[in-house]
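Accompanying notes for the structure given below.
Residue numbering restarts at 1 for every chain, and letters A, B, ... go by the order of the sequence lines. This one's a predicted model, so the numbers in the text were calculated from it and none came from an experiment.
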There are 2 protein chains.
Amino acid sequence: MEAKHHPLQRLVTKLSDRSALSEDDREAVLALPYSTRAKSAGQHLARVGQVPTSCTLLLSGFAQRYRLLADGARQIVGFHVEGDFVDLHFSMLHRASQCVQLLTPARVADIPKAAMVELMRSRPAVAEAIWIESLADASIVQEWVVSIGRRSARSRLAHLFCELGLRQEQAGLGSRCRIELPLTQEQLGDALGLTTVHINRTVKLLENERLIERSRRSVIIPDWEKLAEVGGFSSAYLHFAASEPTLSQVNCP
Amino acid sequence: MEAKHHPLQRLVTKLSDRSALSEDDREAVLALPYSTRAKSAGQHLARVGQVPTSCTLLLSGFAQRYRLLADGARQIVGFHVEGDFVDLHFSMLHRASQCVQLLTPARVADIPKAAMVELMRSRPAVAEAIWIESLADASIVQEWVVSIGRRSARSRLAHLFCELGLRQEQAGLGSRCRIELPLTQEQLGDALGLTTVHINRTVKLLENERLIERSRRSVIIPDWEKLAEVGGFSSAYLHFAASEPTLSQVNCP
DNA sequence: CGACACTTTGATACAAATCAACGAGGGTGG
DNA sequence: CCACCCTCGTTGATTTGTATCAAAGTGTCG
């Protein structure tokens, strides 16, 4: 089975992770028509007000979803990693209410909206799997509300690092304790509802407390559990499949 | 067709509002097995950690979805009105990561999870309609992130009042300019990431500015557009069907 | 090597939290 | 029917976390 390198393979893997798909279902997903493109950092995959005609799947790279306010303030409402549909909601709701922008160079696949809808109508199990994926995404956003609404800057940062670490690990991109972070401090601020200056001070605080270490664009978490405690982090809201190792089972160098 | 008073009728109406359902689809929804119960204010419909076996549909009343933090802080992540599924996500994700609590006395219908899944597997159009509904819910949560992350207390309150007004109007419960608000100031604070004291001062500020009026448990919006401007409110994120009247078409007494 | 984007630091200003009471309505029991 | 209590709303004084403004460092890429 050398479908291993099929561009949509990662999507299939991600869906199978949480839902049971038959061989036929998997093949139906892989049979989806698509066209791939390379894009550079900073490019937009969606803009407010657009009416989408195709669904964009992130094959590699890292993207942010955000809204701009009248006074120029920006709030990031989510990050996307490879395997994520970036604008499926907008497709189904007929209009984008946010912007999606790449933070790194990336490869994307465009799938005609009609083909997606057709696939989901003819394959209930696939529809269900995609639905469940979108519910898990929604759960993450809800946890962001909790963070931004009720946690201190220090906890918010700790929580976000924990989340990104786990999500990266779950996506098979390495250990939860070493996060490849293609974000500027300004973007961290826009994600957490804080200013750049305050992010800077808080990052340094965490560093002084030995809760994180930094080297270039990565963040290292020397003691996962301690950081999780500072962030009030519990992975339940990520709704990983049950196979996920307990926190205590993992402890990185 | 005296199905008019079928308890699930409101659900059918809500789904048909945004999606096209055939007569068969509608009847399949109405044929769902269910049992209704009356519940009193304060009762929980779901609790963190529970494994749901049935889906709860709110037939009447008002509920909040919230999370508790270690230090006792509470963050409300959403409100539910009649016609909403209150825990469909938890059912599909196998475990509740939040609590759902009634704010008013209410009637609810319990539908066995297996029957829901079966319905959605056999009727793709219904599955799609329910999915779209959950996407619209997610969009609301994302706007909450924007509010809590980047808006001032005054704007947050204005924005929430606008949202609740429109949602209530959309649900056929009256004009957007008169909101039946079964919330204490503490609950408003927990929803907006502010303290009770600060909510109190901000409410009075809006009142002094003649942006809202209060009488018992309702809030009256004398000039919708002015309040919408203060809140930076634009209804796009609610993703109502296109038939929605433009803001300027409506202006209440 | 220069340009530019990002990080870091300091000084100051505010918005919102906290702490502490008091007031007012609404339901309950005597 | 009144007195009581309990929750909710209101207000003031004070503190604190975070924003704002300003400027100097640092790194990286052409």
Checklist entry - Yes or no on side chain to side chain donor-acceptor pair (under 3.5 Å) for B:Arg154 and B:Thr202, after CA distance, side-chain angles and deciding distance? => result CA-CA 6 Å; B:Arg154 177 165 166 270; B:Thr202 311; over 6 Å; no
Checklist entry - In whole angstroms, how far is the C1' atom of D:dG9 from the CG atom of B:Leu188? => result 12 Å
Next on the checklist: List the residues meeting side chain to side chain contact (heavy atoms under 4.5 Å, CB included) with B:Ser35, not counting sequence neighbours, and say none if there are none.
Outcome noted: B:Asp110
Protein-nucleotides 25-27 of chain D N/O pairs closer than 3.5 Å?
none

Next on the checklist: By the 4.0 Å heavy-atom rule, please label B:Arg150 as base, sugar-phosphate, or nothing.
Outcome noted: nothing
Checklist entry - Any side-chain N or O of B:Lys204 less than 4.0 Å from the OP1 or OP2 oxygen of D:dT11? => result yes
Checklist outcome for this item: Sorted by chain and residue number, the ring-ring contact (aromatic ring centres under 6.0 Å, His included) partners of B:His89 (sequence neighbours excluded) come out as none
Item to check | With A:Tyr237 via ring-ring contact (aromatic ring centres under 6.0 Å, His included) - residues at least two apart | outcome: A:His159, A:Phe233
Item to check | Worked check of side chain to side chain donor-acceptor pair (under 3.5 Å) between A:Thr36 and A:Arg107 | outcome: CA-CA 7 Å; A:Thr36 69; A:Arg107 289 195 63 75; 2.7 Å; yes
Next on the checklist: Contact list please: residues 192-200 of chain B against DNA chain D, heavy atoms, distance less than 4.0 Å, in numerical order.
Outcome noted: B:Val197, B:Asn200
Checklist entry - Does A:Lys14 pair with A:Asp84 as a salt bridge, N-O distance under 4.0 Å? => result yes
Checklist entry - B:Phe85: what forms a ring-ring contact (aromatic ring centres under 6.0 Å, His included) with it, not counting sequence neighbours? => result none
Item to check | Pair B:Gln142, A:Gln98: side-chain N/O donor-acceptor within cut-off below 3.5 Å | outcome: yes
Item to check | Residues in side chain to side chain contact (heavy atoms under 4.5 Å, CB included) contact with B:Thr195, at least two apart in sequence or another chain | outcome: B:Val197, B:His198
Next on the checklist: From CD of B:Glu207 over to P of D:dG9, roughly how many Å is that when rounded to an integer?
Outcome noted: 12 Å
Checklist entry - What pairs meet the salt bridge (Lys or Arg N to Asp or Glu O under 4.0 Å) rule with one or both residues in residues 52-68 of chain B, with sequence neighbours excluded? => result A:Glu143-B:Arg67
Next on the checklist: Going 5' to 3' along DNA chain C, which are the first and last nucleotides with any atom under 4.0 Å from a heavy atom of chain A?
Outcome noted: C:dC6 to C:dA11
Checklist entry - How is B:Arg154 classified with respect to the nucleic acid when contacts are heavy atoms under 4.0 Å: base, sugar-phosphate, or nothing? => result nothing
Checklist entry - Between the axis at one end of the helix from C:dC1-D:dG30 to C:dG30-D:dC1 and the axis at the other (five pairs apiece), what's the angle to 10 degrees? => result 40°
Next on the checklist: Could you work out, with side chain to side chain contact (heavy atoms under 4.5 Å, CB included) as the rule, every residue matching A:Gln168, not counting sequence neighbours?
Outcome noted: A:Leu173, A:Ile179, A:Glu180
Item to check | Results of side chain to side chain contact (heavy atoms under 4.5 Å, CB included) for A:Ala138 - residues two or more places apart only | outcome: B:Ala138
Item to check | A:Asp190 and B:Arg150 ion-paired at < 4.0 Å | outcome: yes
Next on the checklist: Return whichever of B:Arg151 or A:Val203 has its heavy-atom-nearest nucleotide of DNA chain C closer to the 5' end.
Outcome noted: A:Val203
Checklist entry - B:Arg201 has an atom CZ; how far is it from atom C1' of D:dG12, in whole Å? => result 7 Å
